[in-house]
Amino acid sequence: QVQLVESGGGLVQAGGSLRLSCAASGRTFSSYTMAWFRQAPGKEREFVATISKSGRRTYYADSVKGRFTISRDNAKNTVNLQMNTLKPEDTAVYYCAMSNLVLITTAPTSYDYWGQGTQVTVSS
């Protein structure tokens with residue numbers, strides 16, 4: 001049974017920072033590509049960032065490039081998302097996701113397991 005548990009969300013002012021974490025259990029963490037997605041009210045779930053199994057490759061949505069950094073610790077079975085210079089449009093529920101594909105992919109349908117999400121609210 002795979003379990004992904006996100007933490008670190010909250011309320012922050014525009015320009016501020018937050019660090020999200022996702023703890024994984026139930027699978028060999030280092031065998032999976034990890035990603036973060038987000039979903040704002042009334043909108044579809046959108047890709048934010050992804051990281052390869054080894055952590056050597058990352059890929060970001062244009063909207064967060066240069067502001068967000070994804071990282072992973074395979075020894076601790078965690079993936080993190082450091083979010084800096086936050087904007088009101090970053091407000092959403094953020095989800096951690098796990099895929100057994102080798103290729104970097106931004107499609108939600110490519111991810112096999114999902115966390116419950118953590119709310120990030122950025123005030124203007």
Side-chain angles (χ1 to χ4, degrees):
Q1 185 77 11
V2 174
Q3 189 172 20
L4 301 175
V5 179
E6 301 97 336
S7 62
L11 173 64
V12 64
Q13 288 188 332
S17 299
L18 281 175
R19 183 177 176 86
L20 305 184
S21 292
C22 172
S25 61
R27 286 288 188 273
T28 304
F29 182 73
S30 59
S31 297
Y32 289 83
T33 296
M34 300 298 296
W36 288 93
F37 288 78
R38 66 186 182 187
Q39 188 166 18
K43 294 187 177 181
E44 292 187 353
R45 191 166 298 189
E46 67 170 348
F47 167 78
V48 175
T50 186
I51 188 166
S52 63
K53 300 175 184 182
S54 66
R56 286 193 289 267
R57 290 182 296 149
T58 58
Y59 183 77
Y60 298 91
D62 287 343
S63 58
V64 306
K65 200 173 295 183
R67 300 188 298 122
F68 291 10
T69 303
I70 189 171
S71 62
R72 68 188 294 161
D73 186 336
N74 286 344
K76 295 182 178 179
N77 290 359
T78 58
V79 59
N80 303 302
L81 185 69
Q82 178 66 43
M83 307 186 294
N84 297 329
T85 320
L86 283 160
K87 304 175 182 180
E89 50 263 44
D90 294 319
T91 295
V93 177
Y94 282 70
Y95 298 90
C96 171
M98 174 184 273
S99 170
N100 61 13
L101 293 179
V102 174
L103 298 175
I104 291 286
T105 176
T106 64
T109 53
S110 297
Y111 289 82
D112 308 291
Y113 305 103
W114 293 83
Q116 293 300 305
T118 185
Q119 176 71 47
V120 171
T121 303
V122 184
S123 64
S124 57

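Numbering of residues begins at 1 and proceeds along the displayed sequence.
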Item checked: Nearest heavy atoms of Thr85 and Ser17, plus distance in Å -> N-OG, 4.3 Å
Note to self: Show the nearest heavy-atom pair for residues Ser99 and Ser110, with the distance to one decimal.
What the structure shows: OG-O, 2.9 Å
Mind checking the [atom1]-[atom2] spacing from [X] to [Y]? Nearest 0.5 Å is all I need.
X     : Y      : atom1 : atom2 : value
Arg67 : Gln82  : CZ    : CD    : 12.0 Å
Thr69 : Arg19  : OG1   : CZ    : 9.0 Å
Phe47 : Thr105 : CZ    : OG1   : 8.5 Å

Heavy atoms, side chains only, cut-off 4.5 Å: are [X] and [Y] in contact?
X     : Y      : value
Phe29 : Val79  : yes
Phe68 : Asn84  : no
Ile51 : Thr33  : no
Thr58 : Ser52  : no
Leu81 : Val48  : yes
Gln13 : Val122 : no
Leu18 : Leu86  : yes
Met34 : Tyr111 : no

Notebook entry, point to check: Quick one: is the NZ or CZ of Arg38 closer than 6.0 Å to the six-membered ring centre of Tyr95, and within 45° of its axis?
Noted result: no
Next item on the list: Please identify each residue that fulfils salt bridge (Lys or Arg N to Asp or Glu O under 4.0 Å) with Arg72, with sequence neighbours left out.
Entry: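 Expected list: none.
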Quick check: does any side chain N or O of [X] sit under 3.5 Å from a backbone N or O of [Y], one acting as donor and the other as acceptor?
X      : Y      : value
Thr28  : Ser30  : no
Thr118 : Gly9   : yes
Glu6   : Gly117 : yes

Notebook entry, point to check: Judged by modelled atom types alone, do Glu89 and Thr91 share a side-chain donor-acceptor pair under 3.5 Å?
Noted result: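 The answer is no; no qualifying pair exists.
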Notebook entry, point to check: Do we see a donor-acceptor contact under 3.5 Å between the side chains of Ser21 and Asn80?
Noted result: yes
Checklist line | Verdict with reasoning, Thr78 to Asp73, per side chain to side chain donor-acceptor pair (under 3.5 Å) | finding: CA-CA 5 Å; Thr78 58; Asp73 186 336; 5.0 Å; no
Check: Above 12 or not: heavy atoms from other molecules or residues under 6.0 Å from CD of Glu46?
Finding: yes
Note to self: Can you tell whether the side chains of Asp62 and Lys65 come within less than 4.0 Å, N to carboxylate O?
What the structure shows: yes
Checklist line | Val2: side-chain contact (heavy atoms from CB on, under 4.5 Å) partners, not counting sequence neighbours | finding: Leu4, Arg27, Met98, Tyr113
Margin query: By the definition ring-ring contact (aromatic ring centres under 6.0 Å, His included), identify the one residue from Tyr94, Trp36, Phe37 that meets it with Trp114.
Written below: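 So, applying the ring-ring contact (aromatic ring centres under 6.0 Å, His included) to Trp114 and each of Tyr94, Trp36, Phe37, only Phe37 qualifies.
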